[in-house]
Amino acid sequence: MTRDWPGIAAAASVAALIAGPVLAVLWFAGGGALPGPGDWAAVRFTLLQATLSAGLSVALAVPVARALARRQFAGRRVLITLLGAPFILPVIVAVLGLLAVFGRSGVLNLGLGWLGLPPVQIYGLHGVVLAHVFFNLPLATRILLQGWQQIPAERFRLAASLGLGPAQVARILERPMLRATVPGALLVIFAICLSSFAVALTLGGGPRATTVELAIYQAFRFDFDLGRAAVLALIQTGLVGAAALAALRVSRGDGLGAGMDRALRRWDANSLALRVQDATVLTLAALFLLVPLSMIVIKGLAGLPHMPNSVYSALIVSVCVSLLSMSLTMLLTLTMGLAALRHGWIEAIGLLGVAMSPLVLGTGLFILINPWLNPSSLALPVTALANALAALPFALRVVLPALRRAEHDFGPLADGLGMAGWARLRWLYLPRARPALGFAAGLSAALSMGDLGVITLFADPQQATLPLQMYRLMGAYRMEAAAGAGLLLLAASLAIFWTFDKGGRSDADA
Amino acid sequence: MKYLALATGLLAATQAVAETPVLTIYTYDSFVSEWGPGPAVEKAFEETCACDLQFVGTGDGAALLGRLKLEGARSDADIVLGLDTSLTGAAAATGLFAPHAVTAAYDLPIAWNDPLFVPYDWGYFAFVKNTTLSAPTDFRALADSDLKIVIQDPRSSTPGLGLLMWVKTAYGDEAPAIWAGLADNIVTVTKGWSEAYGLFLEGEADMVLSYTTSPAYHLIAEEDASKDTAAFTEGHYMQIEVAGKLAATDQPELADQFLAFMVSDAFQSIIPTTNWMYPAVTPKSGLPAGFETMIVPQKALLVPADQADAVRDQALAEWLTALTK
């Protein structure tokens, strides 16, 4: 127990940071208030779209990750990095990119028009799910790919010498790995889709697509019913908590054993049919994810000359916030991840942050801070903190399996050598989990860049972040300049993601 | 000894800074952005007041009122600038505002006699379109047409709420039927104005809910005359933006001075090409060239501030019912 105290303390702080603001809002409101019938409809719709989005994202990610795991080709690393881009884009940029492809006057409908076919309509539940798959398919792919890479190369070698075909390899090696990895991937994506608001509303085509977060807005802005807003936020967080418990129960170890870190070769996947299959899967996934991105790039290039200088100072602010937020996330991830090796519930606590309503979190922090300090003076630290809480679940989801595997494969050896404390961290966990740590750091830094962040209550006119500045440009009719800022944001996020992700990879890997 | 002199000098300087009175104004975010009126207003007022004017930006009008309710009488704000006529009733009910003594020859389509709030600009909601589109002339014709519109959600956006009030004031009990008719014209509903306007410019809809003065931006700032607005015969709903002095202010004279400055030419001439709205008092120099091409609605619609909350709640319920069927 004693060696886990940093992780338990970190988990307790995270729990306090999530619960404290809600309690502050409840205290201010003088108690909770029950949601109305409209709010319950919002809960039902939220559950439906989050379940569909998570299910589809992960189901589609399986063939994509498998193809990436067993193929080597030029540009593979670049593709893997680029595929991560949608996930880290600010919502409005991504939505405009998607609509440039799937919208009323998008590329797809133009093409259908040429062919004399009727246009497709993107707005509706299917549009919401499409957008969420666009955002989350890359994340699911990366999580599953990591799972594949953790199957020791020796197992495939053994399978080949036993003459096992693709079906048997899938049954004996891949399915146990998926069984261990898929529930966690489903869970984080479900959690992130739960708090979706602007995407769901815009692509859902109207108030039928009302999510819990929008119901919270209504309670706050229309009725100033903070009690109801807090209760809705608790419901949203509770749903994630329940899903987390379910997923952690289902998820089991894969029992594949340790390996010697040999270079991976796949004798089972050499047939022409499988090559064609993987090539098709990768082409389709790349088209789906990269065409909207290239629309963003094209629009943004045209806007670059129109950008005011303030965009660049906002970029610097954003990079600082992002690095600060990333350091916080990684500190929490490592301490909580190590403690979670023995206390599974710690990961569940980390997950709660992603589904915390930003409006309620911001309002609660404001209530707590305002009597003591001017909230605007804390705008950047609070933004970094909120972003760190939001990125923590993804980082944990990525790092925890790697730590678990290190402990499972080499823990007994380390015990035998009497390796504990710093030595164990230095010689066992850090080297074994390095790729996962790099990926998690890149992910959380990039997520923090793209997040519109707090929480308008803390806004500081002198120190806007890049997403906020981009939003201000849009609000001032300067859509072209905003598109330029969107491109800059995309490029900066990708660069920061790539730097950390690459830093974590050893040469033989990924 | 010279250190002592230096220290005394520094101390005096700090005191001089401390003695400069600070006027704190809460407003919405786009007012203080570098493209909004904020920077120019700050400069112009500080030239006359021997004070430090500090703007604090918070979301939009509704978020502004929310923040004020959170802070109550402990608020640092001396003035709140940026509430509109759909919020002034609720704002007055907080009891946090003090009466003003400003009189001015307002150029508003309606008489203004609110004891707590001073208007600084106003506009009409309208659907913005490309000039080439021949637009319907009322909501019924719009509902019967195949035209696609994009609007904002009244629960998260000020213009979205304005549209709700517009249909309700123009049609009263028939409003639900109008919304049912409009349902198939609405491409989608967005969180805020920026998303909706962005979708319109991307070609996702034929018209977008905005203001009659929106084409002035394209005309004056971009020299692009391709946008105008659809004039509706049932009238257009108005938005009047106001400021008010807080009762708990520690700078009451300065606050009064600012409210008087707000209706003067120095402030009012900044408004048209930064906030893209009509100034509450037309400056002597008149409106910028281009504003004369904007449509002038035949009828100005507005729900009195004291009824706004009740009308709003009913209109929202009707809107939700009509669009979730």
Side-chain angles (χ1 to χ4, degrees), chain A residues 28 38 41 91-92 95-96 99-100 103-106 122-123 127 197-198 201-210 214-215 217-218 220-224 226 299 308 310 363 366-367 370-371 374-376 456-461 464 468-469 471-480 482-483, chain B residues 29-30 32-36 38 55-60 62-63 65-67 69-71 74-76 90 148 150-151 153-156 161 183 186-199 201-205 214 217-218 221-222 274 276 312-313 316-317 319-320 323-325:
Chain A
F28 189 90
V91 163
I92 178 68
V95 165
L96 288 177
L99 287 176
R104 258 182 90 218
S105 46
I122 192 183
Y123 301 98
F197 160 16
L201 182 66
T202 307
L203 288 161
R208 266 185 302 268
T210 295
L214 180 50
Y217 259 69
Q218 185 183 348
F220 185 80
R221 294 170 55 105
F222 251 67
D223 312 319
F224 201 69
L226 291 179
K299 289 251 153 61
S310 56
T363 308
F366 184 86
I367 292 171
N370 192 45
N374 177 7
S376 321
T456 49
L457 287 171
F458 289 86
D460 175 350
L468 183 59
Q469 198 69 352
Y471 214 74
R472 282 183 178 160
L473 281 165
M474 291 189 78
Y477 289 94
R478 287 160 170 80
M479 304 286 170
E480 275 195 325
Chain B
D29 194 62
S30 64
V32 287
S33 86
E34 62 181 291
W35 310 282
F55 281 115
V56 177
T58 295
D60 65 353
L65 183 58
R67 173 161 182 175
K69 285 180 174 175
L70 286 176
E71 296 185 345
R74 285 182 301 109
S75 175
D76 286 339
K148 295 295 179 191
V150 52
I151 62 174
D153 198 300
R155 293 168 291 178
S156 54
L161 180 58
I186 298 171
V187 174
T188 192
V189 179
T190 63
K191 179 183 172 187
W193 177 90
S194 305
E195 290 93 339
Y197 212 80
L199 289 191
L201 292 180
E202 293 291 317
E204 282 301 296
S214 296
Y217 171 79
H218 300 287
E222 296 180 336
T274 51
W276 302 100
R312 183 196 74 171
D313 289 347
L316 179 68
W319 181 80
L320 284 173
L323 292 189
T324 48
K325 260 185 201 146

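Chain A is the first sequence line, chain B the second, and so forth, proteins listed ahead of strands; every chain is numbered from 1.
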Side chain / backbone / both / neither for A:Phe222 at chain B, heavy atoms under 4.5 Å: both
Parallel, tilted or perpendicular, as decided by the 30° and 60° cut-offs, for the rings of A:Tyr477 and B:Trp193: perpendicular
Heavy-atom donor-acceptor pair, A:Ser105 side chain to B:Gly203 backbone, under 3.5 Å: yes
Which atoms of B:Leu316 approach chain A - backbone, side chain, both or neither, heavy atom under 4.5 Å: side chain
Distance-minimising heavy-atom pair for B:Arg312 and A:Arg221: NH1-O, 4.4 Å
Heavy-atom closest pair, residues A:Phe28 and B:Lys69: CZ-O, 3.7 Å
Audit row: B:Leu70, A:Asn370, side-chain contact (heavy atoms from CB on, under 4.5 Å) steps and yes/no: CA-CA 9 Å; B:Leu70 286 176; A:Asn370 192 45; over 6 Å; no
A:Ser310 to B:Trp35 - nearest heavy-atom pair and separation: OG-CZ2, 4.1 Å
Structural part of A:Pro308 lying under 4.5 Å from a heavy atom of chain B: side chain
Residue selection (most heavy-atom pairs with chain A, distance under 4.5 Å) from B:Val189, B:Ile186, B:Val150: B:Val189
Value rounded to 0.5 Å, distance of CZ in A:Arg472 from OG in B:Ser194: 12.0 Å
Toward chain A, the part of B:Tyr197 with a non-hydrogen atom under 4.5 Å: both
Best-contacting candidate, B:Ser214, B:Ala221, B:Ser30, against chain A by heavy atom pairs under 4.5 angstrom: B:Ser214
Best-contacting candidate, B:Ala90, B:Gly38, B:Gly198, B:Ala317, against chain A by heavy atom pairs under 4.5 angstrom: B:Gly198
Check: A:Thr202 main-chain N/O paired with B:Thr188 side-chain donor or acceptor under 3.5 Å: yes
Contact summary for A:Pro371 and B:Arg74, nearest pair of heavy atoms: CA-NH1, 4.0 Å
Residue part contacting chain B, namely of A:Leu201, when any heavy atom lies under 4.5 Å: both
Engaged part of B:Asp313 at the chain A interface, taking heavy atoms whose separation is under 4.5 Å: side chain
Which atom of A:Tyr217 lies closest to which atom of B:Ser156, heavy atoms considered: CD2-CB, 3.9 Å
Portion of B:Glu34 that has a non-hydrogen atom of chain A nearer than 4.5 angstrom: side chain
Among the listed options A:Ala209, A:Pro207, A:Ala215, A:Gly38, the residue most often paired with chain B at heavy-atom distances under 4.5 Å: A:Pro207
Closest non-hydrogen atom pair between A:Arg208 and B:Leu323, with its separation: NH1-O, 3.1 Å
Residue pair A:Lys299 / B:Glu202, side-chain heavy-atom distance below 4.5 Å: yes
Straight-line distance of A:Tyr123 OH to B:Glu204 CD, nearest 0.5 Å: 3.5 Å
Atom pair OG1 (A:Thr363) and CZ (B:Arg67), whose distance is rounded to the nearest 0.5 Å: 11.5 Å
Side chain, backbone, both or neither of A:Ile122 within contact of chain B (heavy atoms, under 4.5 Å): neither
Beyond-backbone contact of A:Tyr471 with B:Glu195, side-chain heavy atoms, under 4.5 angstrom: yes
B:Ile151 portion near chain A, given a 4.5 angstrom heavy-atom threshold: neither
